[in-house]
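Encoded as structure tokens, the structure appears first; notes follow it.
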Amino acid sequence: MWTAIILGTASVYLLKLAGLCVPASLLEKRQVQTVSALLPVALLAALVAVQTFTTGHRLVLDARALGFGVALVAALLRAPFLLVVALGAASAALARLWW
């Protein structure tokens, strides 16, 4: 186990070091800036999709999907963030209670 921890730590450090060694001229390119601005959004969307629609290695449609749908509609209607979260959580909780 300690071998995996040490290798993981060294890998993350080397990856960070590699990022610091990238020339500034490369980082100033428009394509690189566009990708680096959009990458966190894509990763967060993927995380939400995986956490909402999977259990283990199976795709599922359950109360989480309903809560996500309600939260999505609230967000599209430009509801405040806390209301979006509350509506999504409440609808998922009620669906779990009902099913």
Side-chain angles (χ1 to χ4, degrees):
M1 182 164 118
W2 281 105
T3 304
I5 292 172
I6 292 170
L7 286 174
T9 303
S11 298
V12 169
Y13 177 76
L14 290 174
L15 186 62
K16 176 83 171 181
L17 184 63
L20 293 172
C21 294
V22 174
S25 61
L26 180 66
L27 296 176
E28 292 171 357
K29 291 185 178 181
R30 184 172 172 86
Q31 289 177 328
V32 173
Q33 290 179 353
T34 302
V35 169
S36 65
L38 295 176
L39 196 58
V41 175
L43 291 173
L44 183 59
L47 178 64
V48 167
V50 167
Q51 293 296 316
T52 302
F53 299 110
T54 62
T55 297
H57 294 286
R58 296 184 346 249
L59 287 174
V60 294
L61 282 176
D62 59 6
R64 295 175 295 174
L66 177 68
F68 176 74
V70 169
L72 179 64
V73 169
L76 290 174
L77 293 174
R78 303 215 183 259
F81 178 72
L82 290 177
L83 183 60
V84 170
V85 172
L87 287 172
S91 62
L94 289 173
R96 285 181 190 261
L97 183 65
W98 188 9
W99 284 336

With rounding to the nearest 0.5 Å, note down the distance linking [atom1] in [X] to [atom2] in [Y].
X	Y	atom1	atom2	result
W2	L7	CH2	CG	13.0 Å
L15	L20	CG	CG	10.0 Å
I6	S11	CD1	OG	11.5 Å

L17, V12: one ILVMFWY side-chain cluster at the under-4.5 Å cut-off? no
Which pair of non-hydrogen atoms, one from [X] and one from [Y], has the smallest distance, and what is that distance?
X	Y	result
A71	V84	O-CG1, 3.4 Å
D62	W99	C-CZ3, 3.7 Å
L66	S91	CD2-O, 3.9 Å

Verify, without hydrogens or angle tests, whether S36 (side chain) and Q33 (backbone) share a donor-acceptor contact under 3.5 angstrom. yes
For the pair R64 (side chain) and T54 (backbone), establish whether a donor and an acceptor sit closer than 3.5 Å, ignoring hydrogens and angles. yes
W98 and L94: side chain to side chain contact (heavy atoms under 4.5 Å, CB included), yes or no, with the steps? CA-CA 6 Å; W98 188 9; L94 289 173; over 6 Å; no
Quick one: which of L47, V41, L39 gives a side-chain contact (heavy atoms from CB on, under 4.5 Å) with L43? L39
Under the rule for side-chain contact (heavy atoms from CB on, under 4.5 Å), what residues qualify as partners of A65, not counting sequence neighbours? F53, L61
